[in-house]
Amino acid sequence: NDPALFEMEKQVIIDTVGEDGLVIPEQSALGGEDFSHYCKLLPTCFTYLGVQDESEPYFPLHNGEYAPSPESFPIGVEFLVNTALNYLKK
């Protein structure tokens, strides 16, 4: 993760969903193996969006039963748009 982009995204998350919505894992994840190629070309920050409806059964990504909560979509769009707008202001 690009340190400056990481700090900017943290603030966008806080501005979008509040301090409680910011969760930084104790251990980092590698993500997709192709993500590293993007990192060579431009500043990157691997970010997860929580999409689990707590009232529904949990299924992991790439499972046929996986169904993200539609309520998470506007939050994800707002986060991505605000990240892009903040990045362009730099």
query = Counting heavy atoms not belonging to Tyr38, are there more than 12 under 6.0 Å from its OH?
reply = no

For residues 15-26, tabulate all N or O donor-acceptor pairs below 3.5 Å that involve a side-chain atom, not counting sequence neighbours.
from  : atom 1 : to    : atom 2 : distance (Å)
Asp15 : OD1    : Gln11 : NE2    : 2.8
Thr16 : OG1    : Val12 : O      : 2.7

For the residue pair [X] and [Y], what are the closest heavy atoms and their distance?
| X | Y | value |
| --- | --- | --- |
| Phe46 | Asn1 | N-OD1, 2.8 Å |
| Tyr87 | Pro43 | OH-CG, 3.5 Å |
| Pro70 | Pro74 | O-CD, 3.5 Å |
| Gly50 | Ser72 | O-CB, 3.8 Å |

Answer yes if [X] and [Y] sit in the same cluster of Ile, Leu, Val, Met, Phe, Trp and Tyr residues linked by side chain heavy atoms under 4.5 Å apart, and no otherwise.
| X | Y | value |
| --- | --- | --- |
| Phe73 | Val81 | no |
| Ile75 | Leu85 | no |
| Tyr48 | Leu61 | no |

query = Is the closest side-chain heavy-atom distance between Phe79 and Leu49 below 4.5 Å?
reply = no

request  = Indicate yes or no: at least one non-hydrogen side-chain atom of Cys45 is less than 4.5 angstrom from one of Asp2.
outcome  = no

key: Donor-acceptor under 3.5 Å (Asn63 side chain, Phe59 main chain)   = no

remark   = Gln52 meets the side-chain hydrogen bond (donor to acceptor under 3.5 Å, both in side chains) criterion, sequence neighbours left out, with none

task = Would you please test Glu9 and Thr83 for side chain to side chain donor-acceptor pair (under 3.5 Å) and show each step?
result = CA-CA 6 Å; Glu9 284 195 8; Thr83 298; 4.8 Å; no

ask   = Which residue pairs satisfy the salt bridge (Lys or Arg N to Asp or Glu O under 4.0 Å) criterion with at least one member in residues 49-71, sequence neighbours excluded?
value = none

